[in-house]
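Please read the structure below before turning to the comments.
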Amino acid sequence: MSSTLFRTKRVEQSILDTEEPEHALKKSLSALDLTVFGVGVIIGTGIFVLTGTVAKNNAGPAVALAFVAAGVACALAALCYAEFASTVPVAGSAYTFSYASLGELPAWIIGWDLVLEFALGTAVVAVGWSGYIQSLMDNAGWEMPAGLGSREGADAFGFDILAAALVLVLTVILVLGMKLSARITSLVVAIKVTVVLVVIIAGAFLIDGDNYDPFIPDTKTVEAGSSLQAPLIQLMFGWAPSNYGVMGIFTAASVVFFAFIGFDVVATAAEETKNPQRDMPRGIIGSLIICTTLYVAVSIVVTGMQHYTKLSVDAPLADAFKDTGHPWFAGFISFGAAVGLTTVCMILLLGQTRVFFAMSRDGLLPRFFSRVHPRFKTPYRPTILLGVIIAVLAGFTPLNELAALVNIGTLFAFVVVAIGVIILRRTRPDLHRAFRTPWVPVIPILSVCASLWLMINLPAETWVRFAIWMVAGFGVYFLYGRSHSRLGRHEETTVAEVEKGEGQA
């Protein structure tokens, strides 16, 4: 039984499956398209909101270093993703990589994890987008009818029609084709990056050097039990993590990591890239470098404009401009955030549908969902199904408590991919690798350690919810996926043919 649970799918077979006419995606993306996708999904509410939260509660002006630390952790994972995506240019990202290196059950686990991660991420971002749009509407004197506005933090029954409508519109765009999605993303990303650059340049003229004193505030110990970090670190090393001080920077890094979520989604588009061996590494690493640079610049500006103890938690950038006598920028920033969240939502939804499509093509989910549209060559069936489900989820559910599941899901995927690089180097040294992760196994091991470090900073409740979802995934696999696996059926057919041949002999 253990041999069937950890059976691996040959890279050559994964690539061969992409050539089946009814299950083949159209190749239309370039390195620029992939970079735009990466920037489009990474830059979201994180750059507009998290800066104030972690500066005030954890790192002070040294929040810029927290963004660097989180960026380094992501860069280690990005190097591993780049090797896999260029070697195995097949839809599914970490799921497909795991199937080729760790085996079927680990692949199922990571695929199941990614389905949850992208679904919650899409719904959370859609609700956030709705909040920004309603804020802009309020400024213009328009008001949403009762019961149809944002339900974030609400107790009364209602339906967030804006969040649901956004998801449904993006679903239609994704069905119509990847190139159309790329064009819309390019336009929106251009607007979003322009807003960020204007904020950085304008804010640079409003910096007061005294606000950087102290750059790293004095240490303040974290209360035990607030996350897994405090009891585990104290048990292993004899010291407790800090809200401020040098360790406060690393505590902050686990929070601002949410702002980097999404660069791994680029890998899900490998099958739809014209030259994945060359362009996937460029898209993944390039988008991460651009976004890290922008994040650091924004954090330096906002903590220089206003002392970290006075920063707003809800809208630090907008409120910092108000505090310095420039209220016009508040509306400008809200506009940039609303526009930017559109692409975040679309690319997260794209990533989920590609993982679902890949699992379906392998038989671990019903094969019905692996047929592409005869004209648009997109996985329209899972796109429509998941789009409707997420639209309902975003419309009815306040999701702030579940948002942390997106973090743990992403970090778990990082760990699996890093381990997979090491294993595939040993088991398939013959594979052509257009991009090779440097210093293997050092870089993958560092990636695993960095991801685990950030994971133990997350609330204990997040681990419990994550465990429940994983248990449900095991149930689905053993009740359906294992018996319907195409790889398993292929092996059974091969064994039967061998036995038949031996009998005739």
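Side chains included, hydrogens not; waters and symmetry mates left out as well; all remaining heavy atoms used.
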Contact check, side chains of [X] and [Y], non-hydrogen atoms, under 4.5 Å:
{"X": "Ile109", "Y": "Tyr477", "result": "no"}
{"X": "Ile422", "Y": "Ile445", "result": "yes"}
{"X": "Phe357", "Y": "Leu25", "result": "yes"}
{"X": "Arg426", "Y": "Val440", "result": "no"}
{"X": "Glu12", "Y": "Ile15", "result": "no"}
{"X": "Leu364", "Y": "Arg486", "result": "no"}
{"X": "Leu105", "Y": "Phe474", "result": "yes"}
{"X": "His23", "Y": "Val372", "result": "no"}

If every non-hydrogen atom of [X] is compared with every non-hydrogen atom of [Y], which pair is closest and at what distance?
{"X": "Cys291", "Y": "Ile43", "answer": "SG-CG1, 3.7 Å"}
{"X": "Arg7", "Y": "Tyr99", "answer": "O-CE2, 3.9 Å"}
{"X": "Ile284", "Y": "Ala85", "answer": "CD1-CB, 4.3 Å"}
{"X": "Val39", "Y": "Ser287", "answer": "N-CB, 3.7 Å"}
{"X": "Thr8", "Y": "Ser101", "answer": "CG2-O, 3.9 Å"}
{"X": "Thr268", "Y": "Ser93", "answer": "CG2-CB, 3.4 Å"}

Could you check whether any side-chain N or O of [X] sits under 3.5 Å from a backbone N or O of [Y], counting only pairs where one atom can act as donor and the other as acceptor?
{"X": "Trp129", "Y": "Ala338", "value": "yes"}
{"X": "Thr353", "Y": "Leu350", "value": "yes"}
{"X": "Ser360", "Y": "Ser370", "value": "yes"}
{"X": "Glu83", "Y": "Thr437", "value": "yes"}
{"X": "Thr378", "Y": "Val175", "value": "yes"}
{"X": "Thr292", "Y": "Leu288", "value": "yes"}
{"X": "Arg381", "Y": "Phe368", "value": "yes"}
{"X": "Thr343", "Y": "Gly40", "value": "yes"}
{"X": "Ser447", "Y": "Ile443", "value": "no"}
{"X": "Ser130", "Y": "Ala126", "value": "no"}

Query raised in the report: Would Lys27 and Glu271 pass as an ion pair if we require N to O under 4.0 Å?
Result: no
Query raised in the report: Between Arg367 and Glu22, is the closest basic N to carboxylate O distance under 4.0 Å?
Result: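 The answer is no: the pair does not qualify as a salt bridge.
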Can you tell me how far apart [atom1] ([X]) and [atom2] ([Y]) are? Round to the nearest 0.5 Å.
{"X": "Gln13", "Y": "Leu487", "atom1": "CD", "atom2": "CG", "answer": "8.0 Å"}
{"X": "Asp264", "Y": "Cys80", "atom1": "CG", "atom2": "SG", "answer": "12.5 Å"}
{"X": "Asp362", "Y": "Ser14", "atom1": "CG", "atom2": "OG", "answer": "6.5 Å"}
{"X": "Leu168", "Y": "Ile384", "atom1": "CG", "atom2": "CD1", "answer": "11.0 Å"}
{"X": "Ile389", "Y": "Thr171", "atom1": "CD1", "atom2": "OG1", "answer": "10.5 Å"}
{"X": "Leu116", "Y": "Arg465", "atom1": "CG", "atom2": "CZ", "answer": "11.5 Å"}

Report task. Under the side-chain contact (heavy atoms from CB on, under 4.5 Å) rule, what do Lys26 and Lys179 come out as? Steps first, then yes or no, please. Result -> CA-CA 9 Å; Lys26 184 178 180 180; Lys179 197 60 183 179; over 6 Å; no
Requested in this report: If the plane angle is over 60° it's perpendicular, under 30° parallel, otherwise tilted; pick one for His373 and Phe376.
Outcome: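 Answer is tilted, since the angle falls between 30° and 60°.
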Report task. Start with the C-alpha distance between Tyr95 and Trp108, add both sets of side-chain angles, then the distance that settles side-chain contact (heavy atoms from CB on, under 4.5 Å), and finish with yes or no. Result -> CA-CA 7 Å; Tyr95 158 76; Trp108 166 266; 5.6 Å; no
Query raised in the report: Is a side-chain donor-acceptor pair under 3.5 Å present for Thr273 with Asp279?
Result: no
Report task. For the residue pair Ser485 and Glu104, confirm or rule out a side-chain donor-acceptor distance under 3.5 Å. Result ->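 Side-chain D/A pair, Ser485 to Glu104: present.
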Query raised in the report: Is the count of non-hydrogen atoms from other residues, nucleotides or ligands lying under 6.0 Å from Arg433 atom CZ greater than 12?
Result: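 Enclosed: over 12 neighbouring heavy atoms sit under 6.0 Å from CZ of Arg433.
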**Report entry** Inter- and intrachain pairs under salt bridge (charged side-chain N to carboxylate O under 4.0 Å, His left out), touching residues 339-351, at least two apart
**Finding:**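 As it turns out, there is no salt bridge (charged side-chain N to carboxylate O under 4.0 Å, His left out) pair with a partner in residues 339-351 once direct neighbours are skipped.
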Requested in this report: Step by step, work out the ring-ring contact (aromatic ring centres under 6.0 Å, His included) result for Phe356 and Phe369.
Outcome: CA-CA 8 Å; Phe356 198 97; Phe369 294 107; 5.4 Å; yes
Query raised in the report: Going through the distances and angles, do Phe118 and Val115 end up as a side-chain contact (heavy atoms from CB on, under 4.5 Å)?
Result: CA-CA 6 Å; Phe118 293 146; Val115 167; over 6 Å; no
**Report entry** Sole candidate of Asp17, Val90, Thr96, Val88 that passes side chain to side chain contact (heavy atoms under 4.5 Å, CB included) when paired with Lys9
**Finding:**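 For Lys9, the side chain to side chain contact (heavy atoms under 4.5 Å, CB included) test succeeds with only one of Asp17, Val90, Thr96, Val88, which is Asp17.
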Query raised in the report: When Phe412 is tested against each of Trp463, Phe466, Trp469 for ring pair (Phe, Tyr, Trp, His ring centres under 6.0 Å), which residue passes?
Result: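 The residue from Trp463, Phe466, Trp469 that satisfies ring pair (Phe, Tyr, Trp, His ring centres under 6.0 Å) with Phe412 turns out to be Phe466.
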Report task. Walk me through it: do Leu29 and Met178 pass the test side-chain contact (heavy atoms from CB on, under 4.5 Å)? Result -> CA-CA 8 Å; Leu29 300 179; Met178 180 64 95; 3.5 Å; yes
